[in-house]
Amino acid sequence: MASRALWKGAISFGLVHIPVSLHSATTDNGVDFDWLDKRSMDPVGYKRINKKTGKEITKENIVRGVQYEDGQYVVLSDEEIAAAFPRTTQTIEIESFVANTDIPFVYLERPYYIAPINKGKKVYALLRDTLLKTGRVGIARVVIQTKQHLAVLVPSGPGLILNLLRWGTEIRNWDELDLPPEGAKAAGLSEKELAMARQLVDDMTDSWKPEQFKDSFTDAILALVQQKVKQGKVETVEQPEAADESSGSGGAKIIDLTELLQRSLRHQGGAAKAAAEKPATKAASKAPARKPAAKTTAASRRRAA
């Protein structure tokens with residue numbers, strides 16, 4: 001099926017305009033759970049309304065199903081879904097290193113800053129400077145709020161950035177688009193045209209200054225808000241009492257970077273040795289999670305510290 005254009009316009013630099021169309025570069029391959037009435041397998045609306053009968057049903061009569069064909073569903077229990085969730089390891093698990101030019105921008109999804117904790121500054125600096133000098137980045141897996149992500153660990157200035165990546169199956173193929181052939185000759189470009197384009201690009205080249213670029217829409221809305229405040233056009237809204245979130249986790253924290261590096265250094269005996277010792281390492285990392293007593297877990301943490 002041909003790719004549908006989301007937007008049509010042009011790329012402009014100087015007096016040059018290149019007509020282009022904008023297409024989605026990603027596709028959502030996640031699992032969507034639809035509510036179903038377990039008594040009749042009829043679809044259930046957001047407000048627990050049976051879409052076929054129009055009657056409201058109770059929560060106990062709702063099950064979750066995944067549609068694999070039109071009108072055909074596989075029903076999964078809460079226990080089966082919970083068992084599929086990845087185990088939260090609180091670790092950025094680097095699986096390999098690649099050249100910092102190997103990852104296309106289309107894979108980048110969301111950046112996070114990483115800061116050292118628990119006296120980890122020295123090994124943090126060691127990893128950062130090693131990646132800078134070798135021109136490499138780390139490919140890693142990380143679990144954040146029960147969801148597993150592929151990520152790239154990138155050195156930037158004084159710190160490290162963890163940028164979540166899209167999975168390969170989420171990136172659409174170029175084949176859906178009608179693109180010119182690669183190479184200047186195959187695309188019918190002359191040397192004169194290339195020389196003029198290079199000169200124009202050189203004339204417009206500058207250093208990256210993010211402060212020069214402003215969100216004009218947000219600025220306009222904030223200015224309008226300030227204007228209405230001065231005019232006294234303010235409405236009072238009573239917010240419902242906020243739930244106590246003091247005990248919540250607030251998201252997974254990225255820790256144990258020092259331990260990860262030390263473990264990597266201990267396994268520098270070669271690729272074969274690392275592959276042989278990897279299962280034992282994972283088994284060891286899972287052992288503390290099986291201890292049921294909170295007191296024992298706390299003691300273990302104190303001994304580790």
Side-chain angles (χ1 to χ4, degrees), residues 1-30 32 45-47 100-101 103-115 137 142 144-145 147 149-174 176-180 197-243 245 248-254:
M1 183 174 61
S3 177
R4 183 175 64 88
L6 305 177
W7 171 91
K8 293 183 178 180
I11 297 173
S12 174
F13 59 103
L15 298 178
V16 178
H17 286 259
I18 306 172
V20 297
S21 59
L22 188 67
H23 298 256
S24 174
T26 65
T27 180
D28 185 7
N29 285 330
D32 293 324
Y46 180 73
K47 292 185 178 180
N100 55 16
T101 56
I103 303 175
F105 286 119
V106 71
Y107 280 86
L108 302 180
E109 185 172 20
R110 185 184 308 155
Y112 291 90
Y113 287 137
I114 301 177
V137 294
V142 61
I144 301 177
Q145 294 179 342
K147 185 176 181 180
H149 298 272
L150 184 66
V152 57
L153 194 65
V154 183
S156 179
L160 290 169
I161 294 176
L162 185 76
N163 204 314
L164 302 186
L165 298 175
R166 295 180 175 91
W167 300 98
T169 54
E170 296 177 329
I171 304 300
R172 290 179 174 171
N173 198 294
W174 288 110
E176 297 180 4
L177 307 178
D178 184 17
L179 303 176
R198 280 195 296 266
Q199 182 179 350
L200 180 56
V201 170
D202 289 340
D203 291 343
M204 296 179 62
T205 297
D206 195 0
S207 58
W208 166 240
K209 300 182 183 70
E211 64 275 5
Q212 291 182 345
F213 303 93
K214 303 292 184 181
D215 182 353
S216 59
F217 174 76
T218 299
D219 291 344
I221 293 297
L222 291 178
L224 182 60
V225 169
Q226 291 299 323
Q227 178 183 347
K228 288 183 176 290
V229 169
K230 291 179 181 179
Q231 295 172 351
K233 298 179 179 179
V234 180
E235 303 292 340
T236 301
V237 178
E238 294 185 4
Q239 298 291 345
E241 187 174 339
E245 298 180 355
S249 61
K253 296 181 180 179
I254 308 303

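All values below come from the heavy atoms of this structure, side chains included, with hydrogens, waters and symmetry mates left out.
Inter-residue side-chain proximity for L150 and L164 is flagged as unmet; no heavy-atom pair is nearer than 4.5 Å. Using a 4.5 Å heavy-atom cutoff, the side chains of V137 and N163 are not in contact. Taking 4.5 Å as the limit, every side-chain heavy atom of V152 sits out of range of all side-chain heavy atoms of N100.
Residues I171 and V106 share a closest heavy-atom pair of CD1-O, 3.9 Å. Between A151 and V142 the shortest heavy-atom distance is CB-CG1, 4.3 Å.
Atom CG of D202 has more than 12 neighbouring heavy atoms from other residues, nucleotides or ligands inside a 6.0 Å radius. Annotation: K209, atom NZ; neighbour count of heavy atoms from other residues, nucleotides and ligands within 6.0 Å is above 12.
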Note to self: Set out, in order, the CA-CA distance, both residues' side-chain angles and the distance that settles side-chain contact (heavy atoms from CB on, under 4.5 Å) for Y113 and I161, then state yes or no.
What the structure shows: CA-CA 5 Å; Y113 287 137; I161 294 176; 3.9 Å; yes
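Looking only at atom types and distance, the side chain of K214 has no donor-acceptor partner in the side chain of S216 under 3.5 Å away.
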